[in-house]
Amino acid sequence: MQALKLEGALDKSGHLIVSKPISLNPGKVEIIILQSLAASEAITTQTLESDREISLKTASRTKVKTFQDLFTDTNPTSSDLDYDRAKWEYLQDKYDL
């Protein structure tokens, strides 16, 4: 089995575009795609922002009428919240550490 490392891109329709010609014999190939960290972070950030906008636009966060008033005055948590640090601070306050 031969292995090649190539650079390419995906277009909006999901097709893989390879920038250089490949010098392999015709036939079936196995393709492994690794996306660069910067590109995947940008996509993740865009997805999170669009999801947050959609959730903020929805009138109520629950279908249970009893809890609808509970969510009206709450603010969403920040995206850079460190859950482990928040848990540690809570436990320190609780047990006077």
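What's counted below: heavy atoms across the whole structure, side chains too, no hydrogens, waters or symmetry copies.
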Is there a path from Leu4 to Leu34 through hydrophobic residues (I, L, V, M, F, W, Y) whose side chains come within less than 4.5 Å of each other?
-> no

Hey, can you pull the donor-acceptor pairs under 3.5 Å for the side chains in residues 85-97, sequence neighbours left out?
{"unit_1": "Arg85", "atom_1": "NE", "unit_2": "Glu89", "atom_2": "OE2", "d": "3.4"}

Give every donor-acceptor pair under 3.5 Å between a side-chain atom in residues 18-32 and any protein atom, sequence neighbours left out.
{"unit_1": "Ser19", "atom_1": "OG", "unit_2": "Glu7", "atom_2": "O", "d": "3.1"}

side-chain hydrogen bond (donor to acceptor under 3.5 Å, both in side chains) partners for Ser13, two or more places apart | Asp11, His15

